[in-house]
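All remarks here apply to the structure that follows.
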Amino acid sequence: MNSNGAVNRVEEMVQELAADSRLQGLWRNFLTAALADNKEKKQVEQLKDSLSLLFEEIGEQAFTAGLRAMAAKNPSLPVTDLLCTVIQVCGEIRRENEQTINNLRQMLPELATPIIRIWTDMLLVALIGNLDSHWAQNIAERLLDRVSAARAKVVLVDVTGVPMIDTAVGGFLIEMFSAIRFLGTDVILTGIKPEVAHTLVKLGVDFRMVTIARDLEDALRKGIAIVTGEKKKRRQLAWVMTGDKESESGEEIDI
Amino acid sequence: MLHKKVDENLDIDRVFDSPAEDFDVFIRIAREEDIAVARQMAKQLAQEAGFSLADVTKIATAVSELARNIYRYAKQGRIMIKKLLDDREGPYLEIIASDNGPGIAEIDLVMTRGYTTYERSLGIGLSGVKRLMDTFAIYSEVGRGTVVITGKRRRKF
Amino acid sequence: MKKLISKARVVPVICLGDFLLVPIQIDLDDRTVGLLQQQVLEEIESTRARAVILDVRMVDVIDSYISYTISETAAMARLMGCRTVLCGIQPPVALTLAQMGVMLQDIAVARDLEHALLIAGSQSGVG
Ligand SMILES: Nc1ncnc2c1ncn2[C@@H]1O[C@H](COP(=O)(O)OP(=O)(O)OP(=O)(O)O)[C@@H](O)[C@H]1O
Ligand SMILES: [Mg+2]
């Protein structure tokens, strides 16, 4: 059916719908794809692209006005079919957008919560925004994987960017901290504002399992002390295990 | 989240007699070894459903707790797991633990952290399952048995 | 004279100076956990170890019963003058234990074997 007649009819309509050659092109793409009998993949793509572009350029209102005018002038135009196609395409565009939003949402915590190796064997994570349950679990999982892979000795957690810590958020933090402790890594917490400290005490959330630091500088100093302290102990241990065996074996003979 | 208690509509015997083909995983718990089997099968199913490794571990741990309770307190029972698909929300795993054992007289009491009637235990099994999972309901009747229904949704991000 | 040898050896126990290293590689079912406890305590007695290091790198689920047994073993070991260090808890297991609210009493945790030796060897009680 897609004869020359149909092509000419499309051309006529295009001329009436727009004066601008760019808009004419968009309408032309849209109409030829929409009126094609068997829509192949290529045409569906063309339909989607031209429709989104038309919406973007002239808006939904001008688009529907154009359709109305077309229908009035060409009674033979299959308006119902055309509308059904448009609705379908709109649905697809919406789904694609939802997918994009979901993908972005997935990236958001990553972008908002970078985990930085700030010193030898030391990671820094700055929590930002209102933590909800999914977020908190996502961050906790990522942080634990990093701590484990990097064999970090200390993690500095800065909560300056967390505006409110209620029992729920306090609970997430406690869980995350004790999980880090289960890996054998120390946690240094900093950035608790006075009003947050106030609510925490009232709610009965205490962070006993972590070291608290006044500010980031203090946290860093405490962290470095832990890292170097362990290094020293490590040297002592090596010395004990290789050099100083006599007294120990003497003890064993006694018994 | 409150744990649900006795539900008039839930028939413990009917749950217990659910046909195996309704589930992706169906394990009779009667011996100690069955606990490890239930744990392993739950783990595999959760992995296939695309849960994060942490959530896979949480689900396997929850199943371990429920299976052990069955073995310990009811001697035998079933663990049944179903994967429910939902376009909008993503997959959801539902775990049903059911037994025809002695039942529980005071649900609130056994849901309390640290409460136990068993000598060598922490008493954190049921409260732990509730924390690890997204939904939790327990039904029990003395002399008839116990049903725990709990589920976890795959996190979107 | 031969010392007491455990009837059921479920894990290979390695002697490292004053320390006992117990790499746990089996799937921990209930019976095994019980046997493991018994074996570890017997080995502590026969070797007079100062510390026992439980390496749980290969364990993919630690539920309340297993953590209870580990804590109990540690408490018994402490009474025998031996410290317990748990090492190599995997991140998913750590998250699960934390969410369940498990606290491992009488136990120090270490990142890896080297860290575990460090803790086992240090005089002060490290948490
Ligand atoms: N299936 C069941 N049938 C009868 N009683 C049960 C059942 N499950 C649990 N209970 C009762 O509830 C109590 C609490 O169970 P829960 O799993 O929370 O702790 P536990 O089994 O005692 O210890 P843990 O699980 O920490 O090793 C048990 O001690 C038992 O009395
Ligand atoms: Mg239990």
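Lettering follows sequence order; numbering is per chain, from 1. Scope of the values below: all heavy atoms of this structure, side chains included, with no hydrogens, waters or symmetry mates.
When all heavy atoms of V61(C) and A60(B) are compared, the pair lying nearest together is CG2-CB, 3.8 Å. Listed here is the closest heavy atom pair of T57(B) and P92(C): OG1-CB, 3.2 Å.
Enclosure of atom CZ in R57(C) is not indicated, since only 12 or fewer non-hydrogen atoms of other residues, nucleotides or ligands lie within 6.0 angstrom.
Taken from OH in Y65(C) to OH in Y71(B), the straight-line distance is 9.5 Å, to the nearest 0.5 Å. With rounding to the nearest 0.5 Å, the separation of CD in E33(B) from OG1 in T32(C) is 9.0 Å. Atoms CZ and CD1, from R68(B) and I66(C) in turn, are 6.0 Å apart once rounded to the nearest 0.5 Å.
Proximity to chain C is absent for every atom of R31(B), based on heavy atoms less than 4.5 angstrom apart. Contacts of T61(B) with chain C are made by both backbone and side-chain atoms, with heavy-atom separations under 4.5 Å. Proximity to chain C (any heavy atom under 4.5 Å) is shown, for R120(B), by both the backbone and the side chain. Looking at I62(C), only its backbone comes within 4.5 Å of chain B, counting heavy atoms on both sides.
Within residues 68-79 of chain C, the residues approaching chain B closer than 4.5 Å by heavy atoms are, in numerical order, Y68(C), T69(C), E72(C).
Heavy-atom pairs under 4.5 Å with chain C peak, among L132(B), I124(B), I35(B), at L132(B). Put simply, of S121(B), A36(B), A62(B), the one with the most heavy-atom pairs under 4.5 Å next to chain C is S121(B).
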Is there a side chain to side chain contact (heavy atoms under 4.5 Å, CB included) between Q40(B) and D60(C) once you walk through the steps?
-> CA-CA 10 Å; Q40(B) 226 42 51; D60(C) 56 7; 4.1 Å; yes
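A distance-only check finds a donor-acceptor pair linking the side chain of E65(B) to the backbone of S64(C) [under 3.5 Å].
Under the 4.5 Å side-chain criterion, counting only non-hydrogen atoms from C-beta, K58(B) is in contact with Q99(C).
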